[in-house]
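Take a look at the structure below.
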Amino acid sequence: DRAGLRMRVMGPVFAIPVEALGASATPIPFNELYTSLQTGVVDGQDNAVNVFRLVRLYEVQDYLMLDGHVYSFGPVIINDAFYQSLTPEEQQAIDDAAEAAVQYNHEASRAGEAEALEFVQAEGVTVIEYDAEARAELAALTQPAVIEWLQDEVSDPAFVDAVLEAVDAVAD
């Protein structure tokens, strides 16, 4: 259903699944997205629901598809030399705080998305949510091209395997 559409993408890696579905990936700077949708330069875009609401894309886009093709996260990062200099008790406190922060972020993100969806629907946007079967079909159509890109671009095959395992863990 995306064949022939022009989709705004954030960069090269985001073009892979778009093109695997038969659409044209069109890199456009974010500050030009609203007018590009308004004037028909692109037919659609890919952003989080909160971003869709924040920058008022609901004014120029009538449909919002929730297909689950991207799982965004905010990594918790710490300098390894500093972390290793801590006592085991301090390391555990950091680990526990990071775990709590991740859990809080997940809950806040879900609540924010639910509120943004309610808002954009009230503004007249039709929300289309893929069920598990449709998501699996989408993954089957797009993942091979993404995996091929990863294998070509990332020098460490073990890292690619770890990424794929993490994706499978999130999907379960």
Side-chain angles (χ1 to χ4, degrees), residues 7-18 20-21 25 27 29-31 33 45-58 64-122 125 127-172:
M7 302 296 294
R8 183 268 181 173
V9 295
M10 294 181 273
V13 73
F14 294 97
I16 297 166
V18 167
L21 295 172
F30 187 73
N31 65 342
L33 177 56
Q45 51 80 38
D46 179 10
N47 275 294
V49 177
N50 289 330
V51 173
F52 182 82
R53 177 188 179 181
L54 180 68
V55 298
R56 305 173 70 96
L57 295 178
Y58 56 85
L64 180 62
M65 291 182 5
L66 303 177
D67 59 18
H69 70 285
V70 172
Y71 181 82
S72 297
F73 62 93
V76 177
I77 300 171
I78 190 168
N79 177 284
D80 190 53
F82 171 74
Y83 183 78
Q84 296 305 326
S85 74
L86 300 174
T87 67
E89 294 78 19
E90 292 168 329
Q91 289 178 353
Q92 188 61 53
I94 297 278
D95 294 348
D96 292 346
E99 204 51 51
V102 167
Q103 184 62 33
Y104 175 81
N105 179 272
H106 286 181
E107 291 170 11
S109 181
R110 285 187 197 107
E113 182 174 288
E115 193 275 328
L117 281 172
E118 190 176 301
F119 177 87
V120 299
Q121 284 175 309
V125 173
V127 176
I128 302 163
E129 188 159 6
Y130 281 37
D131 61 19
E133 183 179 329
R135 287 179 186 220
E137 184 180 339
L138 180 69
L141 292 169
T142 59
Q143 278 185 348
V146 172
I147 291 169
E148 180 181 337
W149 181 87
L150 282 170
Q151 291 168 336
D152 289 346
E153 295 295 320
V154 178
S155 61
D156 183 359
F159 180 76
V160 174
D161 292 341
V163 167
L164 296 174
E165 287 176 24
V167 168
D168 288 341
V170 171
D172 291 340

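Quick caveat: nothing in here was measured; it's all calculated off a predicted structure. No hydrogens, no waters, no symmetry mates; every other heavy atom, side chains included, goes into these values.
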>> We want to know whether D95 and Q91 form a side-chain donor-acceptor pair, criterion being a heavy-atom distance below 3.5 angstrom.
In response: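 Side-chain D/A pair, D95 to Q91: absent.
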For [X] versus [Y], what's the shortest heavy-atom pair and its separation?
X	Y	answer
V120	Y58	CG1-CD2, 3.9 Å
P17	V146	CD-CG2, 4.1 Å
L141	A20	O-CB, 3.7 Å
P144	A139	CD-O, 3.9 Å
S109	N50	O-ND2, 4.5 Å

> T87: what forms a side chain to side chain contact (heavy atoms under 4.5 Å, CB included) with it, not counting sequence neighbours?
Replying inline: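 Residues passing side chain to side chain contact (heavy atoms under 4.5 Å, CB included) with T87: E89, E90.
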Distance (rounded to the nearest 0.5 Å) between [X] [atom1] and [Y] [atom2]:
X	Y	atom1	atom2	result
M65	L138	CE	CG	8.0 Å
D161	L150	CG	CG	10.5 Å
R8	D46	CZ	CG	8.5 Å

> Do other residues, nucleotides or ligands put more than 12 heavy atoms under 6.0 Å from the CD atom of E133?
Replying inline: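 Atom CD in E133 is not crowded, with 12 or fewer foreign heavy atoms closer than 6.0 Å.
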Would you indicate whether the side-chain heavy atoms of [Y] and [X] approach each other to under 4.5 Å?
X	Y	result
L66	L117	yes
I78	I94	yes
I128	L64	no
Q143	E148	no

>> Any side-chain to backbone donor/acceptor pair from S85 onto F82? Under 3.5 Å, distance only.
In response: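 Looks like yes, one N/O pair under 3.5 Å.
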> Can you check whether N47's main-chain N or O pairs, donor with acceptor, with Q45's side chain at less than 3.5 Å?
Replying inline: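 Yes, the answer is positive, given that a donor and an acceptor are paired below the 3.5 Å cut-off.
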>> With side chain to side chain contact (heavy atoms under 4.5 Å, CB included) as the criterion, how do I16 and T142 come out once you've worked through the C-alpha distance, each side chain's angles and the decisive distance to 0.1 Å?
In response: CA-CA 8 Å; I16 297 166; T142 59; over 6 Å; no
> Does the cation-pi check pass for R53 over F119, that is, NZ or CZ under 6.0 Å from the six-membered ring centre and within 45° of its axis?
Replying inline: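 Output yes; distance and angle both within limits.
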> Can you name the residues that form a ring-ring contact (aromatic ring centres under 6.0 Å, His included) with F159, not counting sequence neighbours?
Replying inline: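 Not a single residue meets the ring-ring contact (aromatic ring centres under 6.0 Å, His included) criterion with F159.
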> Going through the checks in order, is the side-chain hydrogen bond (donor to acceptor under 3.5 Å, both in side chains) test met by E99 and Q103?
Replying inline: CA-CA 6 Å; E99 204 51 51; Q103 184 62 33; over 6 Å; no
